[in-house]
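Letters go in sequence order (proteins before strands), and every chain restarts at 1. No experiment lies behind these values; they were computed from the predicted model shown.
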There are 2 protein chains.
Amino acid sequence: MSLRSASAVLDRLDLRSTSARRAVITAVLSRSQPVTARELVARLARRGIGRATVFRTLDLLVRAGVLSRIHGIEGGERCFHYTRCAPEHHHHLVCRACGKVEEIDARRLDARLDSVARGHGFRALSHAVEIQGLCQDCH
Amino acid sequence: MSLRSASAVLDRLDLRSTSARRAVITAVLSRSQPVTARELVARLARRGIGRATVFRTLDLLVRAGVLSRIHGIEGGERCFHYTRCAPEHHHHLVCRACGKVEEIDARRLDARLDSVARGHGFRALSHAVEIQGLCQDCH
DNA sequence: GCGACATTTGAGACTGAGTATCAGGAAGGG
DNA sequence: CCCTTCCTGATACTCAGTCTCAAATGTCGC
């Protein structure tokens with residue numbers, strides 16, 4: 001299923017279906033939690049897939065709206081995290097201690113964020129909101 | 001005034017009042033808008049202040065709660081921004097096009113963010129929220 | 001199937017932010 | 001003025017992400 005969906009993604013985006021790309025897409029999409037670029041690079045390197053290809057493919061997917069790219073924990077890891085989700089309406093809770101990232105569904109926040117941003121003349125095209133704190137396990 | 005306040009800051013934090021530190025603090029505090037680490041390094045290098053000292057001093061100030069460290073614009077610059085503000089209760093609007101950063105005062109957001117985070121078992125120790133969008137000038 | 005051709009790949013060099021180290025230098029208490 | 005302690009800048013380093021380019025691979029017309 002995951003491989004078929006990787007092909008489907010590539011097909012939809014009018015990109016050549018190469019084994020490297022399928023591997024990258026499968027690796028990201030098979031995770032429900034966000035993955036770091038670092039981890040993907042390391043994991044895929046074992047299969048002979050180069051660093052450049054991983055970043056290139058991730059970039060394509062982000063631009064195509066398949067993945068969303070979020071920041072890591074402040075002060076700790078500085079590499080990006082990638083996760084499957086529409087880039088427009090998600091928010092993340094990042095644990096500062098263990099780095100765990102949880103998605104939250106906060107429709108009601110959206111309206112408020114929108115109104116705040118508009119009040120400042122901003123169009124909040126993307127609600128890439130990250131709340132940082134300590135998760136249950138870490139305090 | 002700014003120099004006096006730099007000394008005051010150092011005094012309050014029980015740090016030696018050196019010319020390098022005063023220069024770094026003055027440079028950051030004299031700006032109302034957030035400054036990038038890059039810009040500070042470049043500006044202070046002209047006065048013979050080394051990169052390491054700038055980062056060290058900024059770090060001290062962030063840890064002491066004098067400055068707040070926020071992310072730059074997504075996709076473009078990736079270096080940190082520093083700004084004078086209490087780290088606990090501020091939110092930022094970041095323009096994706098020009099990189100402008102505005103502070104917003106959103107007390108009402110706080111309560112909602114808190115409740116959302118707590119609902120997920122998080123203690124939202126720091127509301128480092130960044131809303132990304134396009135500012136008035138850029139759309 | 002096959003071959004031409006454009007796209008993609010991976011190796012490796014490069015960039016630039018931030019960090020670590022360390023000998024020399026300054027602050028400041030006595 | 002001296003001595004200890006802390007601070008500084010030069011420099012080398014790390015590491016994420018980008019760039020480059022020759023070689024490999026997918027695609028499509030035949």
Can you name the residues that form a side chain to side chain contact (heavy atoms under 4.5 Å, CB included) with [X], not counting sequence neighbours?
| X | answer |
| --- | --- |
| A:Ala42 | none |
| B:Ser19 | B:Arg22 |
| A:Ala52 | A:Arg56 |
| A:Leu60 | A:Leu15, A:Arg21 |

All side chain to side chain donor-acceptor pair (under 3.5 Å) counterparts of [X], not counting sequence neighbours:
| X | answer |
| --- | --- |
| A:Arg31 | A:Glu39 |
| A:Asp59 | A:Arg63, A:Arg69 |
| A:Arg51 | none |

What I want to check is whether an N or O donor and acceptor connect the side chain of B:Arg56 with the base of D:dG9 at under 3.5 Å.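 In this structure, the two groups form a donor-acceptor pair.
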
Dump the pairs, protein N or O against N or O of nucleotides 24-30 of chain C, anything under 3.5 Å, distances to one decimal.
from	atom 1	to	atom 2	distance (Å)
C:dA27	N3	B:Arg16	NH1	3.4

Short of 4.0 Å, heavy atom to strand atom, which residues of residues 40-53 of chain B count as contacting DNA chain D?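 Result for residues 40-53 of chain B: B:Gly48, B:Ile49, B:Gly50, B:Ala52, B:Thr53, sorted by number.
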
Please identify each residue that fulfils salt bridge (charged side-chain N to carboxylate O under 4.0 Å, His left out) with A:Arg16, with sequence neighbours left out.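 Per chain and number, A:Arg16 pairs via salt bridge (charged side-chain N to carboxylate O under 4.0 Å, His left out) with no residue.
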
Degree of bending in the helix from C:dG1-D:dC30 to C:dG30-D:dC1 once both end axes are built from five pairs, to 10°: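 End-to-end axis angle for the helix from C:dG1-D:dC30 to C:dG30-D:dC1: 30°, rounded to 10°.
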
